[in-house]
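Read through the structure below, which is laid out as structure tokens, and then see the notes.
Just so it is clear, the values below take in all heavy atoms, side chains as well, and ignore hydrogens, waters and symmetry mates. The structure presented is a predicted model; accordingly, all values stated were derived computationally and were not measured.
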Amino acid sequence: MIDRLLAFDTAALDAIQGLRCPFLDAVMPWISRICDHGEIWILLAAVLLLLRKHRWTGMSLSFALILDLICCNIVLKPLVGRVRPFLVNTAVELLTAPPADASFPSGHTAASFAAVFALRASGSPLWKPALVLAAGIAFSRLYLYVHWPTDVLGGILVGAAAGWAGARLADVLRRRRERLGRRA
């Protein structure tokens, strides 16, 4: 089973390497870089928190990103400790600095999909453009040969759970605040 999974991961990465061209070689590192530490999603959360009308969406996104950070980077990456593909296939030329942490799950992908699912669960129409960007970020991690496809899939699943949970947590807090506000 593990051998078949590795064969699938390797074949998929090799197929993606067949897409290499100067344009994508220039664009993919940039797409990946905008989420190196979740910057794009943190910035979006901060803007939403500042806008009174969108404060609870910003809260949902903030909670989702915090939950994702805990699940992905603090718990799963050290627990699984999966080696990155560029360490297995050293013949591939990296277009970005080699990450030093474990490979599973993809943190860039998890943060991106946490944002998508938090936005969707909180009813924001921003989830649609966020999904396009999240898909681009996830693909960039494969193109750059820094994650296995199953790392990206794991990132999507972790992100979906964190996004949904973050939105639910914000909704519970919002309802509680409204209840307490009616009593005063």
Is there a path of hydrophobic side-chain contacts, each under 4.5 Å between heavy atoms of I/L/V/M/F/W/Y residues, joining [Y] to [X]?
X      : Y      : value
Phe139 : Leu94  : yes
Met59  : Ile40  : no
Trp164 : Leu169 : no
Leu173 : Leu67  : no
Trp127 : Trp56  : no

Between Trp41 and Ser112, does any side-chain donor sit less than 3.5 Å from a side-chain acceptor? yes

In Å, rounded to the nearest 0.5 Å, how long is the span from [atom1] of [X] to [atom2] of [Y]?
X      : Y      : atom1 : atom2 : result
Thr109 : Leu142 : OG1   : CG    : 7.0 Å
Leu95  : Ser140 : CG    : OG    : 11.0 Å
Ile70  : Leu76  : CD1   : CG    : 12.0 Å

Could you check Leu49, Leu133, Leu119 and say which one makes a side chain to side chain contact (heavy atoms under 4.5 Å, CB included) with Leu44? Leu119

Can you tell me which residue among Leu48, Leu126, Ile42 is in a side chain to side chain contact (heavy atoms under 4.5 Å, CB included) with Leu61? Leu48

Give me the atom names and distance for the closest heavy-atom approach of [X] to [Y].
X      : Y      : answer
Val75  : Cys71  : CB-O, 3.5 Å
Ala167 : Ser122 : CB-N, 4.4 Å
Ala138 : Phe113 : CB-CE1, 4.2 Å
Pro105 : Gly154 : CB-C, 3.8 Å

With heavy-atom distances below 4.5 Å as the criterion, would you say the side chains of [X] and [Y] are in contact?
X      : Y      : answer
Leu13  : Phe86  : no
Arg175 : Asp171 : yes
Val88  : Leu6   : no
Phe8   : Arg4   : no

Decide yes or no on side-chain contact (heavy atoms from CB on, under 4.5 Å) for Arg176 and Leu180, but give the supporting numbers first. CA-CA 6 Å; Arg176 183 170 184 223; Leu180 292 173; 4.2 Å; yes

Cut-off 3.5 Å, no hydrogens considered: what does the side-chain donor-acceptor table look like for residues 145-153, sequence neighbours left out?
from, atom 1, to, atom 2, distance (Å)
Tyr145, OH, Asn89, ND2, 3.1
His147, ND1, Ser103, O, 2.9
His147, ND1, Ser103, OG, 3.4
His147, ND1, Asp151, OD2, 3.3
His147, NE2, Arg84, NH1, 3.3
Trp148, NE1, Val83, O, 2.8
Thr150, OG1, Asp9, OD1, 3.3
Thr150, OG1, Asp9, OD2, 2.6
Thr150, OG1, Arg82, NH1, 2.7
Asp151, OD1, Arg82, NH1, 2.8
Asp151, OD2, Ser103, OG, 2.2
Asp151, OD2, Trp148, N, 2.9

What donor-acceptor contacts under 3.5 angstrom involve side-chain atoms of residues 22-37, with partners at least two apart or in another chain?
from, atom 1, to, atom 2, distance (Å)
Asp25, OD1, Arg20, NE, 2.9
Asp25, OD1, Tyr143, OH, 2.5
Ser32, OG, Arg141, NH1, 2.6
Asp36, OD1, His108, NE2, 3.0
His37, ND1, Glu39, OE2, 3.1

Sequence neighbours excluded, every pair satisfying side chain to side chain donor-acceptor pair (under 3.5 Å) that has a member inside residues 57-80: none

